[in-house]
Amino acid sequence: MTHAKGAADAPFYLPQSDECTVFEAAHENGLPVLLKGPTGCGKTRFVSHMAERLGRQLYTVACHDDLAAADLIGRYLLKGGETVWVDGPLTRAVREGAICYLDEVVEARKDVTVVLHPLTDDRRILPIDRTGEELVAAAGFMLVASYNPGYQNILKTLKPSTRQRFISVEFGFPRPDLEIRVVAQESGLDEDRVRVLVRLAGKLRALKGQDIEEGVSTRLVVYAATLIRQGMGIERAILAAMIEPLTDDEDVKRGLLDLVTAVFG
Ligand code: ADP
């Protein structure tokens with residue numbers, strides 16, 4: 001295996017647990033991986049870090065409710081009066097032995113899961129109906145998908161027949177000591193000033209399910225710290241980055257601001 005790139009170029013990622021070891025073992029054995037966890041807790045960063053570490057090209061697809069199998073596989077396009085086949089990101093990854101990351105896979109249309117099934121068992125094949133090809137995945141190809149089990153949408157869960165084809169790794173918000181390091185590194189704000197933001201994040205997360213649907217993400221704590229480092233007042237930064245994104249309800253907002261006063265007061 002040739003490693004054109006390597007760990008030294010990998011984007012910063014602070015492990016929460018043994019997820020790097022699990023990912024490496026899955027990659028070594030050509031097994032697909034499902035990353036479960038709330039938004040903004042480091043899943044995408046983890047995948048780019050691992051792809052770089054393993055020296056693999058990465059194709060990332062942000063799934064949405066209009067995403068169809070053809071968007072992943074490819075389609076015939078008209079180019080200069082000629083009809084030519086253009087590979088989609090999944091097909092490219094299969095041919096090149098790259099990593100294909102399907103972010104929020106449950107959002108995609110149903111026909112996408114059908115395409116994934118023959119790729120996630122030991123055949124590792126991608127049938128392309130339109131061209132009649134049946135591609136066998138090149139060595140190094142790996143399918144990675146993420147989903148957020150927190151969304152209470154019964155129509156948007158992964159079917160057991162799909163989820164049981166993946167090794168699964170659960171992501172949560174990092175432990176406070178780790179999150180402080182992540183936020184300080186990402187924002188450039190010193191750890192002492194970050195600590196209290198992380199404490200506030202912990203309190204806001206404890207309210208999940210009562211007043212707010214999702215707890216504040218690490219991404220939002222990074223945003224708040226970035227604004228503060230840049231000179232914005234702490235309360236203003238927190239309101240913009242850690243309160244407004246969570247709710248539109250004025251009463252709830254007032255309640256959350258009381259919490260801010262309690263933490264900083
Ligand atoms: P997700 O894909 O889970 O929605 P991201 O990977 O985009 O979340 O993470 C959001 C941001 O949080 C990243 O851009 C990064 O700044 C930060 N982050 C979260 N966890 C980590 C971590 N363990 N190491 C480094 N950065 C992290």
Side-chain angles (χ1 to χ4, degrees), residues 7-24 26 32-54 56 58-65 67 89 99-108 142-151 153 156 158 166-191 193-195 197-202 204-205 208 212-230 237-238 240-242 245-246:
D9 305 312
F12 167 69
Y13 177 73
L14 190 67
Q16 293 190 6
S17 170
D18 62 353
E19 65 270 29
C20 299
T21 315
V22 174
F23 192 98
E24 268 170 0
V33 170
L34 182 66
L35 310 176
K36 306 190 290 181
T39 182
C41 70
K43 301 183 295 298
T44 304
R45 175 65 66 89
F46 170 63
V47 179
S48 18
H49 172 84
M50 291 309 295
E52 200 73 36
R53 238 166 93 161
L54 294 163
R56 294 279 162 213
L58 173 64
Y59 293 101
T60 298
V61 182
C63 299
H64 52 81
D65 54 12
L67 187 97
I99 296 176
C100 185
Y101 175 44
L102 305 179
D103 192 9
E104 291 294 345
V105 68
V106 281
E107 297 292 333
M142 183 177 183
L143 185 66
V144 184
S146 73
Y147 98 109
N148 180 351
Y151 288 136
N153 185 344
K156 292 223 167 131
L158 275 186
F166 290 82
I167 302 262
S168 295
V169 182
E170 184 168 21
F171 281 67
F173 299 115
R175 280 200 330 257
D177 55 326
L178 299 180
E179 190 165 37
I180 290 168
R181 283 167 61 194
V182 167
V183 174
Q185 169 76 29
E186 293 288 296
S187 66
L189 191 70
D190 59 87
E191 290 196 6
R193 300 182 75 195
V194 167
R195 188 164 291 118
L197 292 176
V198 167
R199 183 144 27 99
L200 173 64
L204 291 170
R205 283 169 194 157
K208 182 184 167 216
I212 47 182
E213 197 181 345
E214 282 269 293
V216 63
S217 64
T218 301
R219 178 188 292 118
L220 290 177
V221 186
V222 170
Y223 287 171
T226 304
L227 294 177
I228 294 167
R229 195 220 357 100
Q230 196 252 336
I238 288 175
M242 292 174 70
L246 300 186

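Both ligands and their constituent atoms are indexed starting at 1 by order of listing.
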Item to check | The single option from V105, L143, V33 passing side chain to side chain contact (heavy atoms under 4.5 Å, CB included) against F166 | outcome: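 One option only clears the test, and that one is L143.
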Item to check | V144 vs I99, side chain to side chain contact (heavy atoms under 4.5 Å, CB included): CA-CA, chis, key distance, verdict | outcome: CA-CA 7 Å; V144 184; I99 296 176; 3.8 Å; yes
Can you report which non-hydrogen protein atom sits closest to [atom], along with the distance?
atom	result
atom 7 (O) of ligand 1	R219 NH2, 3.0 Å
atom 16 (O) of ligand 1	E186 OE1, 2.5 Å
atom 1 (P) of ligand 1	G40 N, 3.4 Å
atom 18 (N) of ligand 1	V182 CG1, 3.7 Å

[X]-ligand 1 polar pair, N/O distance under 3.5 Å:
X	answer
L14	yes
C41	yes
V222	no
Y101	no
G42	yes
Y13	no

Checklist entry - Using 30° and 60° as the class limits, which term best fits the ring planes of F171 and Y13: parallel, tilted or perpendicular? => result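 Tilted, since the angle between the ring planes falls between 30° and 60°.
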For ligand 1, which atoms have a heavy atom of [X] less than 4.0 angstrom away?
X	answer
T39	4 (O)
R45	6 (O), 13 (C), 14 (O), 15 (C), 16 (O), 26 (N)
T218	19 (C)
F12	25 (C)
T44	1 (P), 2 (O), 6 (O), 7 (O)

Next on the checklist: Closer than 4.0 angstrom, basic N to acidic O: yes or no for R205 and E214?
Outcome noted: no
Checklist entry - Taking NZ, NE, NH1 and NH2 as the nitrogens, is one of them in R181 or E186 under 4.0 Å from a carboxylate oxygen of the other? => result no
Checklist entry - Minimum heavy-atom separation for K43 to P38, with atom names? => result NZ-O, 2.6 Å
Item to check | Closest approach of L102 to C63 (non-hydrogen atoms, all atoms of both residues) | outcome: CB-SG, 4.0 Å
Item to check | Stepwise side chain to side chain donor-acceptor pair (under 3.5 Å) check, T218 with E179 | outcome: CA-CA 7 Å; T218 301; E179 190 165 37; 2.7 Å; yes
Next on the checklist: Go through it in stages, so that I can follow the logic: the residues are C20 and F46, the test is side chain to side chain contact (heavy atoms under 4.5 Å, CB included), and I'd like the CA-CA distance, side-chain angles, deciding distance and then a yes or no.
Outcome noted: CA-CA 8 Å; C20 299; F46 170 63; 4.0 Å; yes
Next on the checklist: If I take atom SG from residue C100 and atom CE from residue M142, how far apart are they, to the nearest 0.5 angstrom?
Outcome noted: 11.5 Å
